[in-house]
Amino acid sequence: MTDDTRSFVEEARRAKLDELRAAGIEPYGYAFKRTSTAAAAVAAYDDAMGEDGPEVAVAGRLVSYRRQGKTAFAHLEDVSGRVQLYFRQDALDAAWGLVQLLDLDDHVGVHGRVFRTRTGEVTVRVTAVELLAKSLRPLPRGKTQVTESGETVTFGGLADSEVRYRQRYADLAVHAEVREVFRLRARAVSWLRKFLDERGFLEVETPILQPLYGGAAARPFVTHHNTLDMPLFLRIADELYLKRLLVGGLERVYEIGHDFRNEGMDRTHNPEFTMLECYQAYADYRDMMDLTEAMVSGLVEHCCGTLRLERGDAVLDFTPPWPRVSFVEGVRLQSGLDVCEATDAEMRARLARTGVPREEAETFSGGKLQDEMFKAFLEPGLIQPTFVVDYPKALSPLAKPHRADARLTERFELFVQGRELANAFSELNDPDDQRRRFEDQARQRAEGDDEAQQHDADYIRAMEYGMPPAGGLGVGVDRLLMVLTGLPSIRDVILFPAMRPE
RNA sequence: GGGGGCGUAGCUCAACUGGUAGAGCAACGGGCUUUUAACCCGUAGGUUCUGGGUUCGAGACCCAGCGCCCUCACCA
């Protein structure tokens, strides 16, 4: 920030910075040997110790500061929590000058004995203080206010959600509960790794920059490689590379990483997002359903301590087994139409009655209409964890035909709160069938569907060597986190969500 | 992309029908050696998102733009 846009608060802090340097005090320290976290310092005190609790050295950020003549009280916050500090001029001598130049948000390290104040709070009586980092810019804290009922309410210091996402560092610094969300995220992801590792899955890394993109229906981000002088795409899915590994004899593989889709952004879509994909040779989609049920219910239990999550009026119950609804049958029950038998015209007419604009419905055909029917009639009602199974063939170019019904594929998706959380199928392993499906996609692309999949000849070649039958599963990790935390926006579970530049 | 809402001090918000931009907290100065929403006295702090327009006069009304949120669409 330039001088002329600096606030008076910042000017005041810079004046103190200059004063500190003039006094020979370096305002940015190198390190501090702490003996204890804030929480441990508090826990180490016992009332039998009286005024002579243990000597501790703690470091952290000042989150409150109350000066009172020749004394001052402050709260220091570190990763563990908070501890109160008590400064006295007569206990600090020369360092008292530094204490008077402290501000909220400064990082300090202090030494002192722990005691309990008259008002009952366990506190460090500071005998030495070091400034570790001067804060020049006040954190946007909200004011707190006590309501009539005596409750303390903090008005979101960063009620402005834009600032929270743009300056996540400030959001995290001010909101312990936000830090907790991302701790939970880390615990969830490492639990998922452990879950798959224990079942013999090998974690692998596949290319993010790809000459061809595939494995999903989405528009890609395009970049350019200078030396090769060729376009490269940021992957929209891991799928096609992971299945090549099945050909190579890595029977169980998984990857947790970012996919990139150049599409709309909203509460449930970020341009880059975390996807977990796993593939298991000699398994089919029923095996993957069992795996999904075990994985998600285990994760919910691990992260939330229960299988029943209260979300508004609803209680989401993750206790297995979860209901399984046939795509075609489910849509038929809600709409009266069998999407495998109905004509496009019938589906258009049915959709028109639900509020889908007619002129828009006119542009849909085939698989797109079937999908619209599903979204209009079945998806919104899928609040409890539910598997939707056996998707029409037109919707699933990478899935194996259903062994009992040629119109369908062996595919399922998991829905919770009306949102897709996971997608899986018995993987197509017939190279000739796969080639025909790619050719279909090419025709759709020629007809203007820019999300149709590209023909991947190398993938076909791999399959021609013989790909074992396999079950594959993709899980949207961010959306899973939304369910675990109950947070309403994908931005709330991504540290640095995509934003327009300021 | 369509529709709706919002944008005022560092933060949270006021400002009637168009009539001198305010408060609390934070900041700064003074006082106070066990406070914790500290307290008391005082001071300072504004491109009312940006650019046009209407008007004697615009934070408010009109137009355009920017940003964010909600919603619909797109996005399996």
Side-chain angles (χ1 to χ4, degrees), chain A residues 1 4-13 15-16 51 63-75 82 84-92 96 103-105 115-121 123 125 137-147 150-166 170 174 215-219 236-237 261-271 273 327 355-357 360 363 367-368 370-372 374-375 379 388 391-392 394-399 411 413 415 419-420 422-423 450-451 474 476 488-489 491 499-502:
Chain A
M1 200 176 251
D4 55 352
T5 55
R6 235 178 241 156
S7 77
F8 55 93
V9 178
E10 293 163 63
E11 292 296 354
R13 292 190 176 189
K16 290 177 188 171
E51 291 283 298
V63 293
S64 74
Y65 189 46
R66 299 177 294 281
R67 287 170 59 187
Q68 186 184 319
K70 296 182 178 62
T71 66
F73 288 89
H75 279 91
R82 296 180 175 197
Q84 181 167 256
L85 308 180
Y86 175 44
F87 299 96
R88 290 173 64 102
Q89 182 178 28
D90 56 13
L92 283 159
W96 181 247
D103 284 299
L104 212 58
D105 307 325
F115 74 111
R116 189 182 293 278
T117 63
R118 196 178 292 159
T119 49
E121 181 163 352
T123 300
R125 184 191 283 103
R137 186 186 292 272
L139 284 167
R141 296 169 189 286
K143 77 170 177 185
T144 56
Q145 190 170 303
V146 174
T147 60
E151 211 175 340
T152 301
V153 177
T154 304
F155 291 103
L158 280 175
D160 183 345
S161 58
E162 177 183 353
V163 177
R164 295 186 48 184
Y165 300 138
R166 283 193 192 283
V174 169
R219 290 194 297 272
I236 59 172
R261 297 187 184 176
N262 204 343
E263 289 167 346
M265 295 163 56
D266 61 29
R267 216 166 53 252
T268 57
H269 297 81
N270 195 62
F273 59 99
F327 183 102
V356 176
E360 201 177 295
T363 68
K368 180 69 183 163
Q370 294 173 322
D371 194 35
E372 288 298 320
F374 170 73
K375 282 184 180 172
E379 185 180 68
V388 175
Y391 280 59
L395 290 174
S396 316
L398 298 162
R411 173 184 179 187
E413 291 191 328
F415 287 84
R419 287 199 290 262
E420 178 198 340
N423 179 23
D450 55 3
E451 291 178 356
S489 169
R491 289 178 158 179
M499 300 286 283
R500 272 198 182 76
E502 285 180 80

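Just so it is clear: chains get the letters A, B, ... in the order the sequence lines come, proteins before strands, and each one is counted from 1.
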J.: Measuring from atom CD of A/Gln68 to atom CZ of A/Phe73, what distance do you get when rounded to the nearest 0.5 angstrom?
T.: 6.5 Å
J.: Phosphate oxygens OP1/OP2 of B/rU34: is one of them under 4.0 Å from a side-chain N or O of A/Gln68?
T.: yes
J.: Base, sugar-phosphate alone, or nothing: which one does A/Arg419 contact when heavy atoms must sit under 4.0 Å apart?
T.: nothing
J.: With a cut-off of under 6.0 Å to the ring centre and 45° to the axis, is A/Arg411 in cation-pi contact with A/Tyr391?
T.: yes
J.: Using a heavy-atom cut-off of under 4.0 Å over every strand shown, decide if A/Glu420 touches base, sugar-phosphate, or nothing.
T.: sugar-phosphate
J.: Between A/Gly69 and A/Glu263, who's closer to the 5' end of RNA chain B by nearest nucleotide?
T.: A/Gly69
J.: Counting distance alone, no hydrogens or angles: does the base of B/rU34 have a donor or acceptor under 3.5 Å from a partner atom on the side chain of A/Thr71?
T.: no
J.: Say you draw a straight line from CZ of A/Phe87 to OH of A/Tyr65; how long is it, rounded to the nearest 0.5 Å?
T.: 6.0 Å
J.: From the list B/rU34, B/rU71, B/rC32, which nucleotide is the closest neighbour of the side chain of A/Arg267?
T.: B/rU71
J.: Taking any heavy-atom pair under 4.0 Å as a contact, classify A/Glu379: base, sugar-phosphate, or nothing.
T.: nothing
J.: I need the A/Thr268 OG1 to A/Asp266 CG distance, nearest 0.5 Å.
T.: 4.0 Å
J.: On RNA chain B, nearest-nucleotide positions of A/Arg88 versus A/Lys375: which is more 5'?
T.: A/Arg88
J.: A/Lys16 side chain N/O closer than 4.0 Å to the phosphate oxygens (OP1, OP2) of B/rC28?
T.: yes
J.: Scan A/Arg125 against the nucleic acid and name what it touches under 4.0 Å (heavy atoms): base, sugar-phosphate only, or nothing.
T.: base
J.: Quantified in whole Å, what is the C1' atom distance between nucleotide B/rG18 and nucleotide B/rA73?
T.: 39 Å
J.: Looking only at atom P, what distance separates B/rC16 and B/rC75, rounded to whole Å?
T.: 46 Å
J.: Between B/rA37 and B/rC61, how far apart are the two P atoms, rounded to whole Å?
T.: 41 Å
J.: Contact class for A/Phe115 (heavy atom, under 4.0 Å): base, sugar-phosphate, or nothing?
T.: base
J.: Let me confirm one number: the NE2-CG distance from A/His75 to A/Leu85, rounded to the nearest 0.5 Å.
T.: 8.0 Å
J.: For a quick check, tell me whether the side chain of A/Asp266 and the base of B/rC74 share a donor-acceptor pair closer than 3.5 Å.
T.: yes
J.: Answer with base, sugar-phosphate or nothing: what part of the nucleic acid does A/Gln84 contact at a heavy-atom distance below 4.0 Å?
T.: base
J.: Is there a donor and acceptor pair, one atom on the side chain of A/Arg118 and one on the base of B/rU34, closer than 3.5 Å?
T.: no
J.: So, is A/Arg67 near the phosphate of B/rU35, with a side-chain N or O under 4.0 Å from OP1 or OP2?
T.: no
J.: How far does the C1' atom of B/rA15 sit from the matching atom of B/rA58, given to the nearest Å?
T.: 13 Å
J.: Say you pick atom C1' in B/rG45 and the same atom in B/rG22; how far apart are they, in whole Å?
T.: 13 Å
